[in-house]
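These notes concern the structure reproduced below.
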Amino acid sequence: MKILVLADHESKSLYEYFSPEKLEGVELILACGDLRKNYLEFFATMSHVPVLYVLGNHDDWHRKGASCGGVCIEDDIFVYKGIRILGLGGSMQYRPDSEHQYTERAMAWRIRRLWWKLFKHKGFDILVAHAPAKGVNDLQDLPHQGFSCFKQLIEKYKPGLFVHGHVHANYGTGFKRVDHLGSTLVVNAYDHYIVEYPPAERNESK
C-alpha cells in the first residue's frame, strides 16, 4: 500500500502546485499534526482516499469543533484494508495547562487506557503520532523530547511502521527522515513523504 504521510509544514509542491498525478497510487493519507484544517480538508477532497489524523501541539482548531473531512484517530485503532492504525497525538508538555501536551506519565496513562482496544485488535500495525519516541530522532530540549512510553509500546507490539512529526527538517540538528526501532520502520513525516506498507526494509530483515 502506498501511503502519503504529512506533518508540520505545508508542502508547496502538493498544495500550491497541485496536480492529480502527484497523488497517483496513494491509497491512504496519514497526517501527524500541526497542519491547518483547510490543508487537511484539501487532501480529503482531492485524494478520494481516507485521511487519518492526530493532533499536534499547535492544533487549536480542533478544540473549536471544526471538521476537516478526515478521521481523527486520537486514542483509537482504525482498521483500513486489514491494517490496524493506532493514533496518539500531542507533544511533551512544556507549558502548563496547554492542550495536546502531555507529561510522560500522562501519555503512558493514555496508552494504558487503550488496553481493551489493543487486546481486541491483537495489537496494531502502524502507530501515528505527533511526537517521536524517546531516543529515536528526538531532540534534547523539553518541547521536542520523545516519549519513552512510545518506545516501550513499539518494542512490545512490534508494528511495521511508526510515523511522527514535530521535529522539523529546518532545525539544523541532522534531520533524519527514516530510522528503525528494532524491526519497526520509523518515518519523520515533516512536510510530506511517501512510504510503502508493508515497508520493504522490514520484509528484508525477516
Side-chain angles (χ1 to χ4, degrees), residues 1-7 26-33 35 40 43-44 47-57 59 62-63 65 67-93 99-134 136 146-166 180-189 195-203 205-206:
M1 179 183 292
K2 190 176 180 181
I3 301 174
L4 171 65
V5 296
L6 311 165
V26 170
E27 297 180 62
L28 179 65
I29 297 176
L30 302 176
C32 299
L35 295 168
L40 296 180
F43 287 101
S47 67
H48 307 294
V49 303
V51 176
L52 310 183
Y53 68 93
V54 296
L55 302 171
N57 51 300
D59 283 329
H62 198 267
R63 182 182 66 240
S67 172
C68 70
V71 179
C72 182
I73 59 169
E74 288 281 357
D75 303 299
D76 203 1
I77 296 176
F78 186 97
V79 181
Y80 180 65
K81 294 188 176 181
I83 300 173
R84 303 160 297 174
I85 305 163
L86 171 61
L88 286 166
S91 72
M92 188 68 73
Q93 186 180 71
E99 200 163 12
H100 314 313
Q101 294 184 22
Y102 302 86
T103 63
E104 179 71 42
R105 183 177 180 181
M107 184 62 77
W109 174 242
R110 287 178 69 189
I111 293 172
R112 284 196 295 274
R113 292 178 61 188
L114 287 166
W115 73 269
W116 171 246
K117 292 179 181 179
L118 289 166
F119 175 78
K120 177 183 176 182
H121 291 284
K122 299 180 180 179
F124 61 98
D125 301 300
I126 299 176
L127 174 60
V128 181
H130 181 62
K134 180 71 173 177
V136 185
F147 288 101
S148 295
C149 52
F150 282 0
K151 186 175 181 181
Q152 294 161 6
L153 181 68
I154 291 167
E155 289 173 342
K156 179 176 180 179
Y157 289 98
K158 298 178 175 56
L161 178 65
F162 169 40
V163 291
H164 70 86
H166 198 49
H180 286 84
L181 179 53
S183 61
T184 300
L185 178 68
V186 179
V187 174
N188 186 331
V195 62
E196 293 282 348
Y197 187 89
E201 291 90 340
R202 183 180 176 90
N203 291 341
S205 68
K206 289 184 177 179

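The basis for the numbers below is simple: all heavy atoms, side chains too, and nothing from hydrogens, waters or symmetry mates.
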Sorted by chain and number, sequence neighbours left out, side chain to side chain contact (heavy atoms under 4.5 Å, CB included) with Lys120 holds for Trp116
Nearest heavy-atom contact between Gly90 and Phe147 is O-CE1, 4.2 Å
message: Using the rule given for side chain to side chain contact (heavy atoms under 4.5 Å, CB included), can you reason through Leu118 versus Ile77, listing the C-alpha separation, both sets of side-chain angles and the distance that settles it, and then say yes or no?
response: CA-CA 8 Å; Leu118 289 166; Ile77 296 176; 4.0 Å; yes
Taken to the nearest 0.5 Å, the spacing of Tyr53 OH from Ile29 CD1 works out to 14.0 Å
Whether Phe162 and Phe150 hold their rings parallel, tilted or perpendicular, with breakpoints at 30° and 60°: perpendicular
side-chain contact (heavy atoms from CB on, under 4.5 Å) with Ile73: of Leu52, Leu88, Leu86, only one passes, and it is Leu52
Only residue of Arg84, Lys117, Arg110 satisfying salt bridge (charged side-chain N to carboxylate O under 4.0 Å, His left out) with Asp76 is Lys117
Discussion item. Checking the side chain of Glu104 only, and the main-chain atoms of Ser148 only, is there a donor and an acceptor separated by less than 3.5 Å?
Written reply: yes
Ring pair (Phe, Tyr, Trp, His ring centres under 6.0 Å) filter on His166, not counting sequence neighbours, yields His130, His144
In terms of heavy-atom contacts, Gly165 and Asn188 come closest through CA-OD1, 3.9 Å
Between Gly82 and Asp125 the two heavy atoms that sit nearest each other are O-OD2, 3.9 Å
Just wondering, more than 12 heavy atoms not from Lys2 lying within 6.0 Å of its NZ? yes
Rounding to 0.5 Å, atoms CD1 (Ile126) and CD1 (Ile85) come to a distance of 5.0 Å
Interatomic distance, CE@Met107 vs CZ@Arg105, rounded to 0.5 Å, equals 15.0 Å
The reported gap from CD in Gln152 to CD1 in Ile111 (rounded to nearest 0.5 angstrom) is 8.0 Å
Taking Leu161's backbone N and O only, do any of them form a donor-acceptor pair with Thr184's side chain (distance below 3.5 Å, no angle check)?
no
| Tell me, do Ile3 and Val26 make a side-chain contact under 4.5 Å, heavy atoms counted? | no
Closest non-hydrogen contact found for Ala131 with Ser91 is CB-CA, 4.1 Å
Value for SG (Cys149) from CZ (Arg112), rounded to nearest 0.5 Å, stands at 9.0 Å
The reported gap from NZ in Lys134 to CG in Leu181 (rounded to nearest 0.5 angstrom) is 14.0 Å
Item to complete: Assess whether side chain to side chain contact (heavy atoms under 4.5 Å, CB included) is satisfied between Val51 and Cys68, documenting all intermediate values.
Response: CA-CA 9 Å; Val51 176; Cys68 70; 5.7 Å; no
Scanning both residues in full, the closest heavy-atom pair of Leu127 with Leu153 reads CD2-CD2, 4.3 Å
Sorted by chain and residue number, the side-chain hydrogen bond (donor to acceptor under 3.5 Å, both in side chains) partners of Glu27 (sequence neighbours excluded) come out as Lys81
Is any side-chain heavy atom of Leu28 closer than 4.5 Å to one of Leu4?
no
Here the pair of heavy atoms bringing Asp75 nearest to Leu114 is O-CD2, 3.3 Å
Heavy-atom distance under 4.5 Å between the side chains of Val128 and Cys32, does that happen here?
yes
Steps toward side chain to side chain contact (heavy atoms under 4.5 Å, CB included) verdict (Asn57, Asp59): CA-CA 6 Å; Asn57 51 300; Asp59 283 329; over 6 Å; no
